[in-house]
Novice: 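Let me begin by handing over the structure; questions about it come next.
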Amino acid sequence: MLFSRAAFGARSLQASVQEDPTVKQPTRVTMVLVACAAALAIGERGRAQTGYRPSAANLAARSWFQDARFGLFVHWGVYSVLGDGEWVMNNRRIPIADYEKLPAQFNPVAFDPAEWVALAKAAGMKYITITSKHHDGFAMFDSRVSDYNIVARTPYKKDVLKALAEECRKHGLKLFFYYSQLDWHHPDYFPRGRTGRDAGRPEEGEWSRYIEYMNGELRELLTNYGEIGGIWFDGWWDRPDAPWRLDATYALIHQLQPQALIGANHHRRPFPGEDFQMFEKDLPGGRTAEFNKDSEIGDLPLETCETMNGAWGFNITDRRYKSTRDLIRYLVRAAGSNANFLLNVGPMPNGRIQPEFVTRLQEIGAWLAKNGESIYGTRGGPVAPHAWGVTTRKGSRVYVHVLDAPDGAVLLPPPGGKVRAARFLSAGRAAEFSEFDFGVVVKIPEDAVDPIDTVVALDLAS
């Protein structure tokens, strides 16, 4: 078990007075006071932003976020050179001295931010979330806090985040920055967490200096790239008992950019000061991934993120590609769970997005061009998700997403109002339905079935 520096100090004090016979032994009351002081110090330094009241701009951004429903996740860094995912430094037990050779080999001359943004827009995405710094500690932006960054250490010597931010702004996409609180490279990330133990760092460090370093990089991201959508944190789970001082970090972000949304991938109920909640590789409330076993849904806007194959970062041998059909159906189920879908790509080391991903994104965009009204601007519908599908809602209109229609019809529990009309969204033709006390039966004739998602729009009496 790991202890924070305050707790370790309290233990050290107790040990020293017990081992030194010249020191008067403390009373039980004294020891209790020492322990309480240490505990209070931990709580004071580690709490989130209690008393936080989101600004009007932040509340508006939350509403926009929920309307957006679909975003592009980008995992890109010097790890792509090895073509074995973003965890390669930890998984292959690569020490820092060897890992630091990668930046010199990272030269993404084919990176074209206009191409990336155009692809995201063609896919029907409304925002992009990109890794500014992953667990390996390498910054994909021009930082003055540390020279361990793309401008100072690579032959490319350009700030890819700056170029992407400008392109997003030009075309109306919001840009979010993923930032890893966990750092396998920084010497002051100490005591060590559960991961990155083979990096070869010295067994000493000053945690408060690491927090200052982290907040320094965040300040750069929040002041040098114009208005951003928010910060997507990851890595808290590596040291859940550490004095993260989230109150100061969250307050810094909300002060510099009040509209910026804060989310943290800690797999817990949201902490005070956070503005949206994400679920990794699971729909909200799902526990198919082991790290979601303690997750529970809070009261904030929701997002789920998933990969197109099995990896987040570029993995040259990973051919476990999900079909376009499966990805669209995941997007639909996310919307039916009142959540956004953040779909990941891991660009290649040259800066291009691999063709298997491009094809799927374009095909998803084609589907959304016909069915997007049942996704964008909706909220989770009045009928809870079922095996046959989900519902979404926009005003007095309910969209029934029939993913697996049983026997040519679907039975809906009462949708919250009398149905005035029903139609198949993509075909535009009327749908036959019957209303009963126990609900509504909508017929799904064979020639109306969409192999991906048969969407029926129900107009309810206001």
Side-chain angles (χ1 to χ4, degrees), residues 70-89 91-92 102-103 105-136 138 140-141 150 154-156 158 160-161 163-165 167-168 171 173 175-178 180 232 234 280-281 304-331 341-369 452:
F70 194 27
L72 180 68
F73 210 179
V74 181
H75 276 71
W76 195 36
V78 294
Y79 43 79
S80 65
V81 171
L82 296 178
D84 194 16
E86 75 290 349
W87 272 67
V88 63
M89 181 179 176
N91 293 348
R92 291 194 188 178
L102 292 182
Q105 303 174 55
F106 186 70
N107 191 21
V109 293
F111 167 64
D112 183 351
E115 188 176 275
W116 283 21
V117 170
L119 178 60
K121 287 179 70 70
M125 294 162 159
K126 306 299 183 182
Y127 62 100
I128 296 176
T129 302
I130 186 170
T131 49
S132 64
K133 186 198 82 164
H134 207 269
H135 308 329
D136 62 356
F138 188 82
M140 292 291 285
F141 60 97
I150 189 171
T154 76
Y156 188 65
K158 298 176 187 177
V160 294
L161 298 194
L164 185 60
E167 197 66 27
C168 284
H171 293 280
L173 267 65
L175 183 63
F176 288 68
F177 291 135
Y178 168 112
S180 173
W232 205 103
D234 193 14
E280 181 181 352
K281 300 184 80 67
T304 176
C305 58
E306 182 56 283
T307 57
M308 276 205 234
N309 51 3
W312 297 101
F314 176 61
N315 188 322
I316 198 169
T317 62
D318 188 346
R319 301 179 185 87
R320 297 168 290 172
Y321 301 113
K322 300 173 180 68
S323 69
T324 299
R325 177 178 182 270
D326 287 345
L327 293 171
I328 291 174
R329 287 158 75 96
Y330 193 91
L331 167 65
F341 181 27
L342 188 62
L343 179 57
N344 183 76
V345 297
M348 297 181 287
N350 65 358
R352 301 297 298 271
I353 296 174
Q354 62 191 91
E356 294 88 352
F357 295 167
V358 171
T359 298
R360 284 160 175 76
L361 290 175
Q362 291 172 337
E363 290 172 348
I364 294 171
W367 184 88
L368 281 168
I452 296 178

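Start at 1 with the first residue, then count along the sequence. Worth knowing before you read on, the calculation uses all heavy atoms, side chains too, and leaves out hydrogens, waters and symmetry mates.
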Novice: Do you know which two heavy atoms are closest between F106 and P349, and how far apart they sit?
Specialist: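 Closest pair (atom of F106, atom of P349, distance): CE1-O, 3.8 Å.
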Novice: To the nearest 0.5 Å, tell me how far I353 CD1 sits from L361 CG.
Specialist: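 I353 atom CD1 to L361 atom CG measures 7.0 Å (nearest 0.5 Å).
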Novice: Could you check if a side-chain atom of L342 sits within less than 4.5 angstrom of a side-chain atom of L72, using non-hydrogen atoms only?
Specialist: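 Result no, sub-4.5 Å side-chain heavy-atom pair not found.
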Novice: If you define the side chain from C-beta out and look only at heavy atoms, does anything of I130 sit under 4.5 Å from F177?
Specialist: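 With C-beta onward as the side chain, the pair touches.
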Novice: Atom CG in L161, atom CG in L175: separation rounded to 0.5 Å?
Specialist: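 It is 7.0 Å, given to the nearest 0.5 Å.
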Novice: Heavy atoms, side chains only, cut-off 4.5 Å: are I128 and V74 in contact?
Specialist: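 The answer is yes; the side chains approach within 4.5 Å.
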Novice: Not counting sequence neighbours, which residues clear ring pair (Phe, Tyr, Trp, His ring centres under 6.0 Å) with F111? List them please.
Specialist: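 W76, W116.
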Novice: So I316 and L82, side-chain contact (heavy atoms from CB on, under 4.5 Å) or not? Walk me through it.
Specialist: CA-CA 9 Å; I316 198 169; L82 296 178; over 6 Å; no
Novice: Using every non-hydrogen atom in the two residues, find where A123 and L368 come nearest and quote the distance to one decimal.
Specialist: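 Looking at all heavy atoms of both residues, the shortest contact is O-CD1, 3.4 Å.
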Novice: Evaluate M140 against H134 for side-chain contact (heavy atoms from CB on, under 4.5 Å), listing each step before the verdict.
Specialist: CA-CA 9 Å; M140 292 291 285; H134 207 269; over 6 Å; no
Novice: Got D84 and F314 here, is their nearest side-chain heavy-atom distance under 4.5 Å?
Specialist: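 Heavy-atom side-chain distance check fails, nothing below 4.5 Å.
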Novice: Is any side-chain heavy atom of K121 less than 4.5 Å from a side-chain heavy atom of K126?
Specialist: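 No, every pair of side-chain atoms sits at 4.5 Å or beyond.
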Novice: Calculate, to the nearest 0.5 Å, the distance between atoms CG and CZ belonging to L331 and F70 respectively.
Specialist: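 Result: 5.5 Å between the selected atoms.
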Novice: Tell me if the aromatic rings of Y330 and F341 count as close, with their centers under 6.0 Å from one another.
Specialist: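 Under 6.0 Å, so yes.
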Novice: When rounded to the nearest 0.5 angstrom, what distance separates CG in N344 from CG in N309?
Specialist: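 The CG atom of N309 is 8.0 Å from CG of N344, to the nearest 0.5 Å.
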Novice: As an exercise, state the distance from OG of S132 to CG of L164, rounded to the nearest 0.5 Å.
Specialist: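 Between atom OG of S132 and atom CG of L164 there are 12.0 Å.
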Novice: Carefully, step by step, assess M308 and V345 under the rule side-chain contact (heavy atoms from CB on, under 4.5 Å).
Specialist: CA-CA 7 Å; M308 276 205 234; V345 297; 3.6 Å; yes
Novice: When you measure from the side chain of T359 to the backbone of E356, do you find a donor-acceptor pair of N or O atoms at a distance under 3.5 Å?
Specialist: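 Here the side-chain-to-backbone pair does not exist.
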Novice: Can you see which heavy atom on P103 is nearest to which on P155, and at what distance?
Specialist: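 Where P103 meets P155 most closely, the heavy atoms are O-CD, 3.5 Å.
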Novice: Give me the atom names and distance for the closest heavy-atom approach of L173 to Y127.
Specialist: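 Scanning both residues, the minimum pair turns out to be CG-N, 4.4 Å.
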Novice: What is the distance from atom NZ of K322 to atom CD1 of I328, rounded to the nearest 0.5 Å?
Specialist: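 The NZ atom of K322 sits 14.5 Å away from the CD1 atom of I328.
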Novice: So which atom in R325 and which in I452 form the shortest heavy-atom distance, rounded to 0.1 Å?
Specialist: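 Heavy atoms of R325 and I452 come nearest at CG-CG1, 4.1 Å.
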Novice: Judged by atom type as modelled, is there a donor-acceptor pair below 3.5 Å linking the side chain of D318 to the main-chain atoms of G310?
Specialist: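 Pair found, side chain donor or acceptor close to backbone of G310.
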Novice: Could you pull out the closest heavy-atom pair between G313 and A311, with the gap in Å?
Specialist: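 Smallest interatomic distance, heavy atoms only, reads O-CB, 3.5 Å.
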Novice: Counting C-beta onward and ignoring hydrogens, is there a side-chain heavy-atom pair between L119 and Q362 closer than 4.5 Å?
Specialist: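 Yes - at least one pair of side-chain heavy atoms lies under 4.5 Å apart.
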Novice: With side chains defined as the heavy atoms from C-beta onward, is the minimum distance between K281 and W312 less than 4.5 Å?
Specialist: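 The answer is yes; the side chains approach within 4.5 Å.
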Novice: When you look at T154 and N107, which way does the side-chain contact (heavy atoms from CB on, under 4.5 Å) test go after all the steps?
Specialist: CA-CA 7 Å; T154 76; N107 191 21; over 6 Å; no
Novice: Would you say that more than 12 heavy atoms from the other residues, nucleotides or ligands in this model lie under 6.0 Å from the CZ of R352, or not?
Specialist: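 Atom CZ in R352 is not packed in, count stays at 12 or less.
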Novice: Does any part of the side chain of I150, heavy atoms only, come nearer than 4.5 Å to the side chain of V160, both counted from C-beta?
Specialist: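 With C-beta onward as the side chain, the pair touches.
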Novice: Side chains of N315 and T317: is there a donor and an acceptor less than 3.5 Å apart?
Specialist: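 Checked: N315/T317 side chains pair up, N/O donor to acceptor below 3.5 Å.
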Novice: Fit a plane to each ring of W232 and Y178, take the angle between them on a 0 to 90° scale, and name the class: parallel (under 30°), tilted (30 to 60°) or perpendicular (over 60°).
Specialist: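 Geometry flag for Y178 against W232: parallel rings.
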Novice: Please confirm whether the backbone N or O of D326 pairs with a side-chain atom of S323, one donor and one acceptor, at under 3.5 Å?
Specialist: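 Yes, the answer is positive, given that a donor and an acceptor are paired below the 3.5 Å cut-off.
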Novice: List the steps, then state whether side chain to side chain donor-acceptor pair (under 3.5 Å) holds for S180 with H135.
Specialist: CA-CA 6 Å; S180 173; H135 308 329; 2.7 Å; yes
